[in-house]
Amino acid sequence: MTDTREPNRTNHGKIALKGLHNTRDLGGLPAVAGHVQPRRLLRSGMLAPATAEDIATLRDTYDVRLVIDLRTPEEATRWPDPMELLPEARLVSSPVFRAPSDGDTKEAIRALGEKLASGELNITDLFAGLYPRFALGEEGVAAYRGLFQELLALEEGAALWHCSAGKDRCGLASVLVETALGVPWDLVEKDYLATNELIEAKGSAQSMFDVGGVDVRYLRAALDAIDKAYGSLDSYLTSALGVDDAARDELRHKFVAA
């Protein structure tokens, strides 16, 4: 029987950093036959706001060797990760979503963010529509499949995956990783929703993905779409992302301790 307690895990695994408010360690989450190892699997918002001290903590305390950027190329170019301060880490760009290529994309995204912030646009409907695209779109499938391939190839140190605010594209990635590791669903959902306790309000949105928190309805929209397309989340992991029983066993061997 799986132990659903979270020993030695406080504040949802939050890492205390000055410039980053939603960077967390999955370590301590109960999983199949043990708990997720600490300082191996990290989730975060973009690293651009990090202070030099923050990056030093990720480098020296957590030994980050792999950074997986789930943002659009436009976001990554505008707010690049400070990889020069993580000389031992490798950066992998895996965009889950790409902005439209026609028109003034930056202006369109900025205007959309302003509408969300003002309440003119319904954020629940927007994100409930985006999540199925994240999960089932060609780029989303490639990004999440690539995430698992990178985790399986990681030999030492920690992996950190992030999007813009660390809540949507990153949140769904974390749901998938935790599910593959055998974390009980109630704790997977709890970890997803913990973003609402950790993110801090901003004066203005840098992108539409920075607006608001997360909602269980967004996650359920993705799961409903996955069930419709693949029959179950387990089948999606196997068929779409290539995370079969052998891959799950290897992931658990790498990242779960008794």
Mind jotting down which residue pairs meet the side chain to side chain donor-acceptor pair (under 3.5 Å) criterion with at least one end in residues 237-258? Sequence neighbours excluded, please. D234-R248
Quick note, side chain to side chain donor-acceptor pair (under 3.5 Å) partners involving residues 214-227, not counting sequence neighbours, are D215-R217
The criterion is ring-ring contact (aromatic ring centres under 6.0 Å, His included); which residues satisfy it with Y230, sequence neighbours excluded? Y236
Results of salt bridge (charged side-chain N to carboxylate O under 4.0 Å, His left out) for [X] - residues two or more places apart only:
{"X": "E155", "value": "none"}
{"X": "R71", "value": "D69, D81"}
{"X": "E197", "value": "none"}

Which pairs would a plain distance check flag for residues 84-97, meaning a side-chain donor or acceptor within less than 3.5 Å of a matching protein atom at least two apart in sequence or in another chain?
from : atom 1 : to   : atom 2 : distance (Å)
R90  : NH1    : E150 : OE1    : 3.4
R90  : NH2    : E150 : OE1    : 2.6

Those residues that, when tested against [X], pass side chain to side chain contact (heavy atoms under 4.5 Å, CB included) (two or more places apart):
{"X": "D63", "answer": "R65"}
{"X": "L223", "answer": "W185, L219, L233"}
{"X": "A52", "answer": "none"}

Going by the rule side-chain hydrogen bond (donor to acceptor under 3.5 Å, both in side chains), which residues pair with E53 if we only count those two or more places apart in sequence or in a different chain? K18
Residue pairs meeting salt bridge (charged side-chain N to carboxylate O under 4.0 Å, His left out), one or both in residues 21-48, sequence neighbours left out, come to R24-D191, R43-D191
Nearest heavy-atom contact between T51 and G19 is CG2-N, 4.2 Å
